[in-house]
Chemist: 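So that we are looking at the same thing, I have put the structure below in structure tokens.
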Amino acid sequence: MTETRSTCPYCGVGCGVIIESDGPQITGVRGDSLHPANFGRLCTKGSTLHLTATSPVTLQTRLLQPQQRLQRTDAPQPLPWDAALGLAAGRFADIIQQHGPDAVGFYVSGQLLTEDYYVFNKLAKGLIGTNNIDTNSRLCMSSAVAGYKQTLGADAPPACYDDVKHAQCLFIVGSNAAWAHPILFRRIEDARAANPGMKVIVADPRRTDTAGMADLFLPIQPGSDVMLFNGMLHLMLREGWTDPAYIAAHTTGFDELQARVRDATPERVAEVCGIPGGDLATAARWFATSASTLSLYCQGLNQSSSGTAKNATLINLHLATAQIGKPGAGPFSLTGQPNAMGGREVGGLANLLSAHRDLANPQHRAEVAALWGVSDVPAKPGKTAVEMFQAAADGEIKALWIACTNPAQSMPDQATVRRALQRAEFVVVQEAFATAATCAYADLLLPATTWGEKTGTVTNSERRISRVRTAVPAPGEARHDWAIAVQFAQQLEALLRPGAATLFPYTTDHADAGAEAVWKEHRESTRGRDLDITGLSWSLLETGGPQQWPLPEGTTAGKARLYEDGIFPTADGRARFAAHAWQPVAEPRESRYPFSLTTGRLRDQWHGMTRTGTLGRLFGHVAEPSVQLNPQDMEERALKNGDLVYVTSKRGTIVVPVQGDTTVGVSQAFMAMHWGSEFLSGCSSTGERLAGVNALTTSAYCPTSKQPELKHAAVKILKAELPWTLLAMAWLPADTAQATREALSALMAQFPFASCVPFSNNTPLSEPGRERVGVLLRAAAHEAPPDATIEHIESLMGLAGADTQRYADKKRGQRRAARLLRRPDATTLEGIVLAGDTSAQGWLKTLLQEELPAQSYGRLLLIPGAKAPVAVQSRGKTVCTCFNVADIAITTELAHCHGTDADRLAQLQGKLRCGTNCGSCLPELKRMVRATGPLAPKPVAQATI
């Protein structure tokens, strides 16, 4: 067995991992105890990385060779790499020569490595001469970038993870860190335990698991953050809680800001934000008067039409109270992707250049042109993400190159995005996973390496650069992203500038040498800049481990925190207050669209789920797509859990089950960002395929950062009357499960509603050999489909043989099929299809998924009705994924635990082990502990369905 140090490919915490491999197989993963980001800890997603790497199911999803579609409706056909790159270079050259360089665009990803990003940026801006290169980081971090630059002068997060343990007040806003950054949240829990006097304030429209640990929870209305921050500053000024000396010595613009917040009275804040004036005063006092206050924030601030204003007005609070440049203090933006920071460093956005240079600055353009050896870098701003796809939809951009991202799932206003992909003359998708929705629109598919196969560097939220190392060889013909871009660039420059010396002199034959050469060029671009890393080398990363920037030549270590001297990277060395007024959301709710829809992450999933969505155990915590509403709203609309509803915005409609959730405010709705058309779909009345949650979201964006308002859309929610329903689920062979799921997904467009997800038997993580793979399909329609459709589904689910029991009632449009597996030790239910009447789904689903004995049922499996003919005992919903511990077992055990909440949690963990591995379930466990006091009545140990 070989061990390789690398990093986790999920959130921006940048956890170190040790990959265990045997030849081409990744066999295990564990946290790197020496990595300063996580010290050995991993979340549920990180802990299961090996199961999503080279498993039989995952390998079925991989793109393994270049493929071309001669027509968009054709199945892609393989072709050699040289032919693929030649085709791409020829088509791009033709379009550039006919329509100009701005007729092409590149859309890349915060999941690329820094070296990948650098080459793509040089390719677009240096070789082609267009600034039409943007990234999915535009959807993630561009408001944070703009906020830092507008106030502090540079895109440089001033704090570090270690500040969590030094903070006396923690202000978490627009972030459910418990789910989105769970390893950082473990640090918060540790800091709180070591310092019980720490004050924690959480501001969020939902009462998330993060809010569960708050001393003060502020359930603000969506989009009201600027009013909250201005209102806090209003009270700080009134009560004398600001630091006039710091303001005078280190800032400018305070007089204008002071005038701006004069109207942000407690009464006005209460009206806009929906919080009591007393809570506002407490938040302001704790923030300003604590010895050190650290703010942690993420997409709740960034994904907004006022994103820059939200970021800047929060930073105003830190500047006004001198809560910056010291241990435990500062505005700390949490990145959502593993290398969003690296992309920002190399200028991988349409308005940036290498090393935090600005495209609008002529001197900066000249410096980059000199470094690259080109005559100039174009001054015209490039198209940002939303603008780029709108331009393609309008026919202005003719060719798109999409790398390591899935805009047909993640971009807002999917109708426009898909129209853009259809209208573009030539679409290249450079991707590791063939199952990404965007792949269906590609003329040319190029297979790329992914986690465990790549080499290069990444930068995490605290400015820490880590090495990513290759653990296993690339499967099939997959190539590194930077190498693909280099090889394409070399062919393209032969057509655009024949005879000229190459701009891309990097070897692609030796991956480490080539990637390091790219990195060294990036390093030179940082010389003298705020992120100067000229003192860093790959050898230092090998011997000294991950390093923070800046680390200029002549120094041996980076800086943990910035601006300790009160000097900022602005012309006069002073930070700038930003006087922003509150603006409402781009699309306020109103009588026709009375709900505010917000989106966010699930605990155990990642982005579009091309990787995590292959692993059934990661669906244990949240098994299927749904929209959450406050129970009061459901009662008023006569909705019950599981009812199908139409969720409609001004851009589109989806059909999805509804669930009551007390964490969601009245007149609000929540839906996870992950549910794209790969898992949730259907067909509209006009025959158009539905596109998941982002069919609803708006492309309205912040005028400064151009980041769209993915966090809010006005919607209406109406019950869907779809009387014919279907449930099909079965255990499948691991080597064919993904192909079956894809075949079932292709059928989803035949129904007004359909969802298709994997599931597993949720064995403990320590027993991977026992894990089974299953697929679950749900559908609903106005009337029964043709029998052939149901028969096809039964066949795909392995229910076409003589060992399958069947029932059919054509008059009622009902069919049922079940297959048992008889083994010497037990007889279990292996597959079911319920069509027309799914009332028995509750007990049958439990019987199948929990592999309960089924020998006594026989033909009773085909009887309709919600009540099981023989009692079926469910284990409940999974809470702890690592040890497969469900809520019923936890509640039962808690009834026997005594003492303080901490004592009861320790007793629970000692008995069931839940929360003792990755810890991702700890916030939920603590919530359950708080909800069941020592005198609580003992619950029923098992639920009978």
Side-chain angles (χ1 to χ4, degrees), residues 143-160 163 171 226 229-230 232-234 236-237 240-262 264 284 287-289 291-295 297 301 307-333 344 351-352 355-364 463 526 528-532 548-550 552 558-581 704-705:
S143 292
V145 174
Y148 277 140
K149 291 175 68 176
Q150 191 173 93
T151 54
L152 307 183
D155 175 23
C160 62
D163 282 321
F171 187 33
V226 170
F229 304 147
N230 283 351
M232 290 171 67
L233 184 56
H234 175 101
M236 292 174 187
L237 288 165
W241 292 334
T242 59
D243 190 324
Y246 187 91
I247 293 168
H250 301 294
T251 71
T252 62
F254 190 66
D255 289 344
E256 183 183 355
L257 175 61
Q258 192 168 2
R260 171 67 69 192
V261 303
R262 189 171 294 128
F287 187 106
T289 63
S292 52
T293 296
L294 180 69
S295 292
Y297 51 100
L301 298 195
T308 302
K310 289 182 179 182
N311 278 262
T313 50
L314 175 59
I315 296 171
N316 285 344
L317 300 182
H318 284 272
L319 294 173
T321 57
Q323 295 285 10
I324 190 170
K326 60 183 181 181
F332 194 0
S333 166
R344 289 146 66 177
N351 57 314
L352 300 178
H356 290 177
R357 291 177 173 88
D358 282 320
L359 186 67
N361 187 316
Q363 181 181 341
H364 288 180
R463 297 172 281 105
T526 70
R529 304 291 300 166
D530 68 289
L531 71 164
D532 192 326
Q548 289 175 283
W549 59 256
K559 297 191 71 173
R561 57 189 59 85
L562 306 179
Y563 316 134
E564 292 173 300
D565 56 2
I567 299 174
F568 296 86
T570 58
D572 58 6
R574 292 171 174 263
R576 290 169 167 75
F577 286 103
H580 289 283
T704 304
S705 70

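The residues of the chain are indexed from 1 along the displayed sequence.
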Chemist: What I'd like to find out is whether the side chain of D532 reaches to under 4.5 Å of the side chain of W549, using heavy atoms alone.
Modeler: no
Chemist: Go through the structure and list residues passing ring-ring contact (aromatic ring centres under 6.0 Å, His included) with Y148, not counting sequence neighbours.
Modeler: none
Chemist: Just wondering, do I247 and L319 contact through their side chains at under 4.5 Å, heavy atoms?
Modeler: no
Chemist: Keeping to residues at least two apart or across chains, list the salt bridge (Lys or Arg N to Asp or Glu O under 4.0 Å) pairs with something in residues 240-257.
Modeler: none
Chemist: Could you tell me the separation between the CG atom of L237 and the CE atom of M232, rounded to the nearest 0.5 Å?
Modeler: 12.0 Å
Chemist: Does one side chain, of T251 or R576, offer a donor that lies under 3.5 Å from an acceptor on the other?
Modeler: no
Chemist: For a side chain to side chain contact (heavy atoms under 4.5 Å, CB included) with M236, tell me which candidate from T289, L317, V261 qualifies.
Modeler: L317
Chemist: Can you see which heavy atom on A329 is nearest to which on I324, and at what distance?
Modeler: CB-N, 3.9 Å
Chemist: Kindly indicate whether the side chain of L257, heavy atoms from C-beta on, has any atom under 4.5 Å from the side chain of L233.
Modeler: yes
Chemist: In chain order, what residues pass the ring-ring contact (aromatic ring centres under 6.0 Å, His included) check against H364, with sequence neighbours excluded?
Modeler: none
Chemist: Can you give the donor-acceptor pairs under 3.5 Å from side chains of residues 559-567 to other protein atoms, not counting sequence neighbours?
Modeler:
residue: R561; atom: NE; partner: D163; partner atom: OD1; Å: 3.0
residue: R561; atom: NH2; partner: D163; partner atom: OD1; Å: 2.7
residue: D565; atom: OD1; partner: I567; partner atom: N; Å: 3.0

Chemist: Does the side chain of Y297 reach to within under 4.5 Å of the side chain of P331, using non-hydrogen atoms?
Modeler: yes
Chemist: Between T313 and F577, is any pair of side-chain heavy atoms under 4.5 Å apart?
Modeler: no
Chemist: side-chain hydrogen bond (donor to acceptor under 3.5 Å, both in side chains) with K149: which of T308, D358, T704, N311?
Modeler: D358
Chemist: How would you list, by chain and number, every residue that makes a ring-ring contact (aromatic ring centres under 6.0 Å, His included) with F287, sequence neighbours excluded?
Modeler: F171, H318
Chemist: Less than 4.5 Å apart, any side-chain heavy atom of D530 and any of F568?
Modeler: no
Chemist: How would you list, by chain and number, every residue that makes a ring-ring contact (aromatic ring centres under 6.0 Å, His included) with H234, sequence neighbours excluded?
Modeler: none
Chemist: Do R463 and P550 have side-chain heavy atoms sitting under 4.5 Å apart?
Modeler: yes
Chemist: I would like to know whether R529 and H356 meet side-chain contact (heavy atoms from CB on, under 4.5 Å); could you show each step before the answer?
Modeler: CA-CA 8 Å; R529 304 291 300 166; H356 290 177; 4.3 Å; yes
Chemist: Hey, is the main chain of A144 close enough, under 3.5 Å, to the side chain of K310 for a donor-acceptor pair?
Modeler: no
Chemist: If we only count heavy atoms from C-beta on, is the L152 to I315 side-chain gap below 4.5 Å?
Modeler: yes
Chemist: Search all heavy atoms of A312 against all heavy atoms of Q150 and return the closest pair with its distance.
Modeler: CB-OE1, 3.6 Å
